[in-house]
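Data first, discussion second: the structure below is written as structure tokens.
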Amino acid sequence: MPYNKEELLKLSVEERIKLAEELWESVDDEQLPVTDVEISIAEERYEAYLKNPKDGMSWDEFRKKINDKYGF
């Protein structure tokens, strides 16, 4: 389906943000490309976790830490 980039860029900021969000939500996680570097980093982090699981933190702990620091 063709689209006119110039016309899309004329949309208001709010409209462009909404369009970008709708486009992003239309992409399934399985469709996202994963690079060899990203796989390597994930494997290294998983190995580090397996060696020292207590060095990490839960998602709730992490979220609280970020919220406390940045107020989100």
Is there a chain of hydrophobic side chains (I, L, V, M, F, W, Y, each step under 4.5 Å between heavy atoms) that links [X] to [Y]?
X: I66; Y: M57; answer: yes
X: L32; Y: I39; answer: no
X: Y46; Y: W59; answer: no

Using a strict cut-off of less than 4.0 Å between a Lys/Arg side-chain nitrogen and an Asp/Glu carboxylate oxygen, indicate whether K65 and D68 qualify as a salt bridge.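 Here K65 does not pair with D68 in a salt bridge, since their nearest N and O are not under 4.0 Å apart.
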Test of understanding: with side chain to side chain donor-acceptor pair (under 3.5 Å), list the residues that count as partners of N52, not counting sequence neighbours.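 With sequence neighbours excluded, N52 shows a side chain to side chain donor-acceptor pair (under 3.5 Å) to no residue whatsoever.
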Does the side chain of K64 come within less than 4.5 Å of D60's, by heavy atoms?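 A side-chain contact is absent here, since even the closest heavy-atom pair is not under 4.5 Å.
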I'd like a table of donor-acceptor pairs (distance under 3.5 Å, sequence neighbours excluded) in which one partner is a side-chain atom from residues 8-19, with atom names and distances.
unit_1: K10; atom_1: NZ; unit_2: E7; atom_2: OE2; d: 3.3
unit_1: S12; atom_1: OG; unit_2: E15; atom_2: N; d: 3.1
unit_1: S12; atom_1: OG; unit_2: E15; atom_2: OE1; d: 3.2
unit_1: E15; atom_1: OE1; unit_2: S12; atom_2: N; d: 2.8
unit_1: R16; atom_1: NE; unit_2: L11; atom_2: O; d: 3.0
unit_1: K18; atom_1: NZ; unit_2: E22; atom_2: OE2; d: 2.9

Neighbour count above 12 (heavy atom, 6.0 Å) for E38 CD: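 Atom CD in E38 is crowded, with more than 12 foreign heavy atoms closer than 6.0 Å.
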